[in-house]
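First the structure, in the form of structure tokens, and then the observations on it.
Given the structure is predicted, the values throughout are model-derived calculations rather than measurements. In what follows, every chain begins at residue 1, and chains take the letters A, B, ... in the order their sequences are listed.
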Protein chains: 2
Amino acid sequence: MTKPFSVLVVDDEKEIRDAIEIYLKYEGITVVQACDGIEAIEKLDEHPIHLIILDVMMPRMDGIAATFKIREQKNIPIIILSAKSEDTDKVLGLQVGADDYVTKPFNPLELIARVNSQLRRYVTLGTYEDSNKILNLNGLTLDPEAKIVEVNGEAVKLTPIEYRIVELLMNHPGRVFSIQDIYERVWKEPSYNAENTVAVHIRKIREKIEIDPKNPRYLKVVWGIGYKMEK
Amino acid sequence: MTKPFSVLVVDDEKEIRDAIEIYLKYEGITVVQACDGIEAIEKLDEHPIHLIILDVMMPRMDGIAATFKIREQKNIPIIILSAKSEDTDKVLGLQVGADDYVTKPFNPLELIARVNSQLRRYVTLGTYEDSNKILNLNGLTLDPEAKIVEVNGEAVKLTPIEYRIVELLMNHPGRVFSIQDIYERVWKEPSYNAENTVAVHIRKIREKIEIDPKNPRYLKVVWGIGYKMEK
DNA sequence: AGAATTCTTAAGAATTTCTTAAGGTTTTCA
DNA sequence: TGAAAACCTTAAGAAATTCTTAAGAATTCT
């Protein structure tokens, strides 16, 4: 499963960078490497980075400071790597600006869990505002907190994928999403031979939310383009 | 952009207070500092405070307890700062009265997001819902102060973890929490390989609070998404 | 040391998701 | 205009995932 995230790994030891890269790639996360702070800044400009893993014990501290500056502007979570033996004060100072830390030697699974946790939090915080509001369109209601969809007051039981499709469309009433759009935004991976998969789910959704699935009132097709939720 | 809010930051470390102040000021929020609970009480009398950010790990615990008492009267939201390494139970006790918490090291922007979120809620709700109030849902009762759960008036004995899960769910009736959400909010660390751990606790809770655990009335599953407490 | 709590493992049940395939509808363009 | 191509709908069953439950091991508390 590919995730739409890329992580910048900053460490002066190549073996560590490579090891982390292997584990993150296995998670479907793109990895960009940098061996010091200076290089990290360049990479941050070149690539869209969603999280930084940073070894505190590197020769060139100025680069690290600069990295932090950039984070302030870009709001990217930072996970710090540090050895237990390291100077506590120095590490502590850095930690004030960090989101999480892992001490070396570290369990790769734990690092991955923390990376995922940060990415999740980062994403949900970003979309926090509108993702909690109850949506309503002509009697079709969606409650993002309770994950409940209702048609004219009657609860409808949707599966997770069905729910996510409805949520996507209802968040942008009237906007047409191609099948690829839908697949990529719901499954969070590139669509390949997935046209019919989406179509089948559309059908199932109609079966549940439409009074007359053959003449849908809410979930309409736009021929040759995609689907949309009627405004 | 100036906001009509002032926040009291209580921490014994000056650098942390200053760092927080810088970020909040940038948001247009007024900041009042206090280095311990005693001082916090004075400041609460002197200034109109709308929210408190409180470090749990401070030398003088009595002052903190007093701060909480004041909050109870004044209905001010509290966000707790805690280090991961800290004694979980001690932190937990405090958190019961808190509205949100952030673990150190923290991302300043995340702290700001949570501050804004609390202030928003505080304003929109008008009268802030006290998290020490006894919760009641269809005969299921939770008393956060006494840490007692009752089903139709009959006390149920929950273990600490069980209690925290029930409390989390009851604080947000109807809202669905994924297993990862639950793990991270109850255990306060990222979850990996913890899916079944939570599931087992859910089962134990049902055994205790449900009349018919196979057809739960309170603690419901939302397939593929998580669990929730029925509204 | 004994009791209570928490975690791990594993097997089976329930539910969801995907694939395949056939038939219908709309568009294209000869 | 009419036939071909592209696109959409529908159905059914296989595959995969998720949930429940139980039992016992490991850990923590008293």
Item checked: Intermediate values then yes/no, salt bridge (charged side-chain N to carboxylate O under 4.0 Å, His left out), Arg17(A) and Glu21(A) -> CA-CA 6 Å; Arg17(A) 294 201 305 269; Glu21(A) 173 158 1; over 6 Å; no

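At distances below 3.5 Å, not a single donor-acceptor pair connects side-chain atoms of Lys208(A) with backbone N or O atoms of Leu158(A). In this structure, the side chain of Arg206(A) does not engage the main chain of Pro213(A) through any donor-acceptor pair within 3.5 Å. For the pair Glu210(B) (side chain) and Tyr218(B) (backbone), a donor-acceptor distance under 3.5 Å is present. Proximity of a side-chain donor or acceptor of Lys228(B) to a complementary backbone N or O of Pro173(B) within less than 3.5 Å is not detected.
The CD-P distance, from Glu207(B) to dA23(D), rounds to 11 Å in whole Å. Between Trp187(A) atom CH2 and dA16(D) atom P the separation is 17 Å, expressed in whole Å. Tyr163(A) places its OH atom 19 Å from the C1' atom of dT17(C), with the value rounded to the nearest Å. Gln180(B) has its CD atom 11 Å from the P atom of dC19(D), to the nearest Å. Atom pair Ile161(A):CD1 and dT19(C):C1' shows a separation of 14 Å (rounding to whole Å applied). At whole-Å resolution of the value, NZ in Lys204(B) and C1' in dC7(C) are 11 Å apart. If you measure from atom CD1 of Ile205(B) to atom P of dT21(D), you get 14 Å, rounded to the nearest angstrom.
The side chain of Thr197(B) contributes an N or O atom lying less than 4.0 Å from OP1 or OP2 of dT8(C). OP1 or OP2 of dC18(C) lies within a sub-4.0 Å distance of a side-chain N or O belonging to His201(A).
Nearest-nucleotide positions on DNA chain C for Leu158(B) and Thr159(A) put Leu158(B) closer to the 5' end. Heavy-atom distances to DNA chain C give each of Ala194(A) and Lys157(A) a nearest nucleotide, and the one nearer the 5′ end belongs to Lys157(A).
With a 6.0 Å radius and a threshold of 12 heavy atoms from other residues, nucleotides or ligands, Glu207(B) has its CD atom above the threshold.
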Give me, pair by pair, the N or O atoms of the protein and of nucleotides 7-10 of chain D that are less than 3.5 Å apart, along with how far apart they are.
unit_1	atom_1	unit_2	atom_2	d
dC8(D)	OP1	Gly224(A)	N	3.1
dT9(D)	OP1	Arg206(A)	NH1	2.7
dT9(D)	OP1	Arg206(A)	NH2	3.3
dT9(D)	OP2	Tyr227(A)	OH	2.6

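Shown here are the ring-ring contact (aromatic ring centres under 6.0 Å, His included) partners of Phe177(A), two or more places apart in sequence or in another chain: His172(A).
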